Amino acid sequence: MAGGLAARVVLAHQTFFNPDEALHYLLSVQTSLALAYKASLTTAHPPLLIVLLYYWRLLGNSEFVLRLPSVLAGIAFCWIMFLWLQRVSDRTTALVGLALLCFSPSLISLSAENRQYSLLMFFCTSSLYFLERAIRENSAGMMLFSSLSLYLALLTHYSSFIFALTLGIYALVRLWTSKPQIRVIAAWIVGQLGALGLCAFLYVGHISRLKSSGLPGEIANTWLRASIFHSGQDHFAAFCARNTIRLFRYFFSHGTIGVLGLLFFVLAIVSLLLDKTSHQDPRNPTSRQLALLLGLPFLITLSAALAGHYPYGGTRHDALLAGFAMAGVSIGLTRPWIWKRWLTPSAITGALVVCNLFSSPTPPYMLPRNQNKKLMNAATSFLRKSVPAGSVLFTDYQGALMLSYYFCPAKVVPFEQPPQPLFKSDCGDYQVITFTQTLWSFEATIFPKTLNEMQQTYGMGSDATVWLFQAGWIDETEDKWIAVLKQYGCHEPRNFGPNILICRMTLDGLNQQFALSN
């Protein structure tokens, strides 16, 4: 636990915000709670994190302070998962699961970010843990805690709908076989009705608006395209196999160990289904009930991806599945014939060391060394020293988020939906023009048109100079992108690591280049 917490604290302290983190903070900077809630409706997530940050930012607005709730929730999630595993299996399995959760590179990264995922996993696991206690102890109070935890999960991230369905089915099976007191069943029914009401409120008040705006479709056709099934383009079996492997690679940030983790997870499901050992205490879950609980969320998420409603694959949007995945892997690892003959704690430790030292996470991502705060400090210092007052900074949406947090005294990014294609705003002694027509970042194929549109909209002459600023998830084909920029006067690009780019661009010959591109 101490090692897992230390890893999260160090990462949260040493790295600069990614664009998503900056967005969440900027949305919370409002003059009232009502405005903070209204601002949260412009994102693809429920409002809880923005509301939390609205109050939390009063303690400070540094990266570490703003990330602290996620750090604490991330390590608390590991602990609650350990307690639950210890109840439904044994202490050895629970300790293996705790090690996997504490030192999974993807979970460390998510816990060190100002995002919803650590809170989501903590609330979901708490709901599962309290449900288990409610059934074992015949406690309506514990069932109440389970429902409250579920409500908080639903208000944190929409993948919690998958968890709510999973937990509802599992609870029905458990209540049927354990036969608790009527008051416990009544408390569960009331809690489920409350959850349904909350889901309806979120759908009417937020999800339906997102669907009408077209944002989910735009996301599904850009960076989450590989995680959504496209009929006529993807093959069913290949999609299922490929994306399940990508998912476990994401959890372990390593291809080979991710595949091994998947094999042990499958072994756990099969061994649980084949286990016919009778349990004397009906209040304990049977092996088959555990298999149902561990496998069902994967099947539901995969079904949602096949229907085009939710991503399934190597993406943080499936972080909810991490707890179930690591629990299954730990059960598979501690099967007696494997544990005694092939595996030792040192082998598991070695695998986790390899995952962290030689990590290869699924894109888009920023390696910690490329996200060091010193790089961002150097970039903003360069802007202040090298860019003359009155200059125009030209940026994409994610770059505008970073400028708003690290450089400008005010927000230079529009939040309304849909935003205007070009958004001009003041940034101290500078002006910022933000291009918002594409999702998050520039696209090389339409960049000439983008520059031409900016030049015509703001009456810039052919001798005008702008400073391009990019920060965040810059395209993997950076060399090709630099070649495109050099066509427009960006002869001396300055990189501050692979994820921050600044260059001075002269618009000489822009019309000629634009004509050639057409």
Side-chain angles (χ1 to χ4, degrees), residues 5 8-77 108-123 151-158 206 316 319 366 371-374 376-377 379-380 395 397-417 419 423 425-428 432 434 440 471-472:
L5 178 61
R8 288 158 172 78
V9 167
V10 169
L11 191 61
H13 181 264
Q14 290 184 345
T15 55
F16 60 80
F17 271 173
N18 63 46
D20 273 353
E21 294 180 274
L23 171 63
H24 295 148
Y25 167 71
L26 294 172
L27 289 171
S28 73
V29 183
Q30 306 293 337
T31 56
S32 68
L33 178 60
L35 290 176
Y37 171 74
K38 185 177 180 180
S40 73
L41 298 179
T42 64
T43 72
H45 304 295
L48 183 62
L49 177 64
I50 307 305
V51 171
L52 172 63
L53 291 176
Y54 172 77
Y55 292 104
W56 190 266
R57 64 188 173 88
L58 300 178
L59 300 177
N61 61 356
S62 69
E63 297 100 332
F64 181 74
V65 171
L66 295 172
R67 287 166 168 168
L68 195 54
S70 185
V71 170
L72 297 176
I75 201 66
F77 154 68
I108 291 174
S109 178
L110 289 178
S111 298
E113 294 178 346
N114 180 32
R115 277 176 166 162
Q116 293 87 355
Y117 301 102
S118 288
L119 293 169
L120 166 73
M121 292 184 288
F122 170 68
F123 291 138
Y151 299 164
L152 291 172
L154 292 171
L155 289 169
T156 301
H157 196 273
Y158 285 125
H206 191 204
R316 65 181 183 275
M366 287 187 280
Q371 203 178 344
N372 193 292
K373 285 195 293 186
K374 293 179 181 178
M376 181 59 72
N377 293 336
T380 54
T395 188
Y397 194 83
Q398 61 177 347
L401 291 169
M402 306 298 269
L403 286 173
S404 297
Y405 182 78
Y406 285 103
F407 187 71
C408 301
K411 303 172 188 175
V412 295
V413 59
F415 291 138
E416 68 273 4
Q417 295 292 336
F423 182 80
S425 53
D426 293 326
C427 173
V432 175
T434 303
W440 289 101

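Here the structure is a predicted model, which means the values were calculated and not measured. Residues take their numbers from the sequence shown, with the count starting at 1.
Of the possible polar contacts, one joining the Asn377 side chain to the Lys373 backbone as a donor-acceptor pair under 3.5 Å is found. The backbone N or O of Ile75 sits nowhere less than 3.5 Å from a side-chain atom of Ser111 that would complete a donor-acceptor pair. For the pair Gln14 (side chain) and Asn372 (backbone), a donor-acceptor distance under 3.5 Å is absent. Between the side chain of His13 and the main chain of Phe64, no donor-acceptor pair closer than 3.5 Å is present.
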Might you work through the side chain to side chain contact (heavy atoms under 4.5 Å, CB included) test for Phe423 and Val413, ending with a clear yes or no?
CA-CA 7 Å; Phe423 182 80; Val413 59; 6.0 Å; no
Under the side chain to side chain contact (heavy atoms under 4.5 Å, CB included) rule, what do Phe415 and Leu23 come out as? Steps first, then yes or no, please.
CA-CA 9 Å; Phe415 291 138; Leu23 171 63; 3.5 Å; yes
Begin from the C-alpha positions of Val51 and Leu155 and carry the test side chain to side chain contact (heavy atoms under 4.5 Å, CB included) through to its verdict.
CA-CA 10 Å; Val51 171; Leu155 289 169; over 6 Å; no
Walk me through whether Thr380 and Leu403 qualify under side chain to side chain contact (heavy atoms under 4.5 Å, CB included).
CA-CA 9 Å; Thr380 54; Leu403 286 173; over 6 Å; no
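With sequence neighbours left out, the side-chain contact (heavy atoms from CB on, under 4.5 Å) criterion links Ala379 to Phe496, Ile500, Ile502. Residues satisfying the side-chain contact (heavy atoms from CB on, under 4.5 Å) criterion with Ala73, sequence neighbours excluded, are Ser118, Leu119, Phe122. Under the side-chain contact (heavy atoms from CB on, under 4.5 Å) criterion, Leu152 pairs with Leu48, Phe123, not counting sequence neighbours.
Distance check: Phe16 CZ to Met376 CE gives 4.5 Å after rounding to the nearest 0.5 Å. Here CE of Met366 is found 9.0 Å from OG of Ser109. Values are rounded to the nearest 0.5 Å. Residue Leu68 holds its CG atom at 9.0 Å from OG of Ser62, rounded to the nearest 0.5 Å.
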Show me the donor-acceptor pairs, under 3.5 Å and distance only, between side chains in residues 26-34 and residues at least two apart or in other chains.
| residue | atom | partner | partner atom | Å |
| --- | --- | --- | --- | --- |
| Ser28 | OG | Tyr25 | O | 2.6 |
| Gln30 | NE2 | Leu27 | O | 3.0 |
| Ser32 | OG | Leu35 | N | 3.2 |

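For residues 31-56, every residue pair satisfying the ring pair (Phe, Tyr, Trp, His ring centres under 6.0 Å) rule, not counting sequence neighbours, is listed here: His45-His157. Residue pairs meeting the salt bridge (Lys or Arg N to Asp or Glu O under 4.0 Å) criterion with at least one partner in residues 15-32, sequence neighbours excluded, are Asp20-Arg115, Asp20-Arg316, Glu21-Arg67.
Taking all atoms of both residues into account, the shortest heavy-atom contact from Ala400 to Thr395 is N-OG1, 3.4 Å. Residues Arg8 and Gly74 share a closest heavy-atom pair of NE-C, 4.2 Å. For Ser40 against Pro47, the heavy-atom pair with the smallest separation is OG-CB, 3.3 Å. Heavy atoms only, all atoms of each residue included: Gly60 and Val65 are closest at O-CG1, 3.6 Å. Summarising the geometry of Leu110 relative to Ala319, their closest heavy-atom pair is CD1-CB, 3.6 Å, with the distance given to 0.1 Å. Closest non-hydrogen pair, Ala153 versus Leu120, comes out as O-CD1, 4.1 Å.
Using a 4.5 Å heavy-atom threshold, the side chains of Phe17 and His24 count as separate. Looking at Leu59 and Leu66, their side chains never come closer than 4.5 Å, going by heavy atoms from C-beta outward.
No more than 12 heavy atoms of other residues, nucleotides or ligands lie within 6.0 Å of NZ in Lys38, so this atom counts as exposed by the packing criterion.
Residue Glu113 forms a side chain to side chain contact (heavy atoms under 4.5 Å, CB included) with just one option from Thr15, Leu11, Asn18, and that option is Asn18.
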